[in-house]
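Only a predicted model underlies this, so the values are computations on that prediction, with no experimental measurement involved. Just so it is clear, the values below take in all heavy atoms, side chains as well, and ignore hydrogens, waters and symmetry mates. Read the numbers this way: they start at 1 and go in the same order the structure lists the ligands and their atoms.
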Amino acid sequence: MRPFIAGNWKMNHTPSSGKKFAEELVPRIKSLGADIVIFPPFVAIPSLYEVTKGTSLKIGAQDFYWEEKGAFTGEISAEMLKEAGAEYAIIGHSERRNIFGESDELVNLKLKTAVDSGLKPVLCIGEKLAERESGRTKDKIKFQLDAGLSGVSTEKVIIAYEPIWAIGTGKTATPQQAEEIHCFISEYLDERVKILYGGSVKPANAYQLMTQSHIDGVLVGGASLKIDSFYDIIRNGIKAFEEKN
Ligand code: 13P
């Protein structure tokens with residue numbers, strides 16, 4: 001198995017700075033044994049695709065709307081993203097849920113659309129600090145999996161476990177904390193789905209996290225914005241996988 005290493009750029013990088021990043025990254029990762037995906041802002045997808053087409057660097061979207069087309073001002077469809085070069089899509093990131101009020105029902109509709117349209121979905125789930133501290137982490141995970149995946153075949157879905165208290169805070173879950181929840185998710189789904197960890201992943205902790213047997217890769221925010229730190233995370237992931245395989 002190869003590690004799956006993804007960078008969620010959130011609202012960072014423009015079409016030109018994103019393209020420059022991809023131009024530098026493509027030759028560096030050319031013969032590495034990892035699946036590598038960048039999730040840039042929508043407007044940067046075409047310029048990144050221009051330089052990554054046919055290479056091992058894949059592109060994804062951070063979100064989309066589930067309807068095919070119509071009067072949905074400000075929204076973008078799965079088909080539009082695919083034509084622009086996106087192969088993957090993040091669904092239900094905690095920032096979408098908490099800042100923009102996305103419900104589990106909406107997350108589920110988006111998952112169904114992604115699977116139907118052939119966009120590979122990365123479903124984000126994770127607990128808040130108060131839920132962890134009151135011992136409700138697994139209940140929350142179970143709830144989000146049931147609601148998000150209702151009526152969806154999990155075969156094509158990638159799960160990203162992103163504890164909210166670890167996102168952008170510099171407080172990473174320990175490898176043991178992450179492994180416990182990854183193990184729980186994989187037992188709960190009763191299938192070997194790919195499960196990524198996200199939340200303050202850095203070059204310094206990527207190796208330890210990815211040596212855990214149920215951590216299949218990482219979804220990186222802040223540390224994916226600079227080429228050197230993202231590249232170091234990729235190399236550390238590959239090293240961890242070589243050792244655990
Ligand atoms: P950070 O790596 O900046 O904590 O962000 C994680 C994340 O939200 C990835 O989707």
Quick check on contacts: which atoms of ligand 1 are under 4.0 angstrom from a heavy atom of [X]?
{"X": "Gly221", "value": "1 (P), 2 (O), 3 (O), 5 (O), 6 (C), 9 (C)"}
{"X": "Ser200", "value": "1 (P), 2 (O), 4 (O)"}
{"X": "Ala166", "value": "4 (O)"}
{"X": "Leu219", "value": "9 (C), 10 (O)"}
{"X": "Gly199", "value": "4 (O), 6 (C)"}
{"X": "Asn8", "value": "9 (C), 10 (O)"}
{"X": "Gly222", "value": "1 (P), 2 (O), 3 (O)"}

Exercise for review: Could you tell me whether Gly198 and ligand 1 have an N or O pair separated by under 3.5 Å?
Suggested key: no
Exercise for review: Please indicate whether any nitrogen or oxygen in Thr169 is less than 3.5 Å from any nitrogen or oxygen in ligand 1.
Suggested key: no
If you measure only the distance, is there a donor-acceptor pair under 3.5 Å linking the side chains of [X] and [Y]?
{"X": "Trp165", "Y": "Glu127", "value": "yes"}
{"X": "Tyr197", "Y": "Gln177", "value": "no"}
{"X": "Ser117", "Y": "Glu79", "value": "no"}

Exercise for review: Specify whether Phe21 and Phe230 have parallel, tilted or perpendicular ring planes, treating 30° as the upper limit for parallel and 60° as the lower limit for perpendicular.
Suggested key: tilted
Check your understanding: Do the ring planes of Phe184 and Tyr188 sit parallel (below 30°), tilted (30 to 60°) or perpendicular (above 60°)?
Key -> parallel
Study note, to complete from the structure: Between Asn108 and Gly148 the two heavy atoms that sit nearest each other are ND2-O, 2.8 Å
Study note, to complete from the structure: Scanning both residues in full, the closest heavy-atom pair of Arg136 with Ser134 reads NE-OG, 2.8 Å
Practice item. Check step by step if side chain to side chain contact (heavy atoms under 4.5 Å, CB included) holds for Val122 and Asn8. Key: CA-CA 11 Å; Val122 179; Asn8 174 11; over 6 Å; no
Would you please determine whether [X] falls within less than 4.0 Å of ligand 1 on a heavy-atom basis?
{"X": "Lys10", "answer": "yes"}
{"X": "Ser224", "answer": "no"}
{"X": "Ala223", "answer": "no"}

Exercise for review: Tell me, with the steps shown, if Tyr231 and Glu24 meet side chain to side chain donor-acceptor pair (under 3.5 Å).
Suggested key: CA-CA 11 Å; Tyr231 182 67; Glu24 281 177 38; over 6 Å; no
Practice item. Give the residue and atom name of whichever protein heavy atom lies nearest to atom 9 (C) of ligand 1, and the separation in Å to one decimal. Key: Glu162 OE2, 2.9 Å
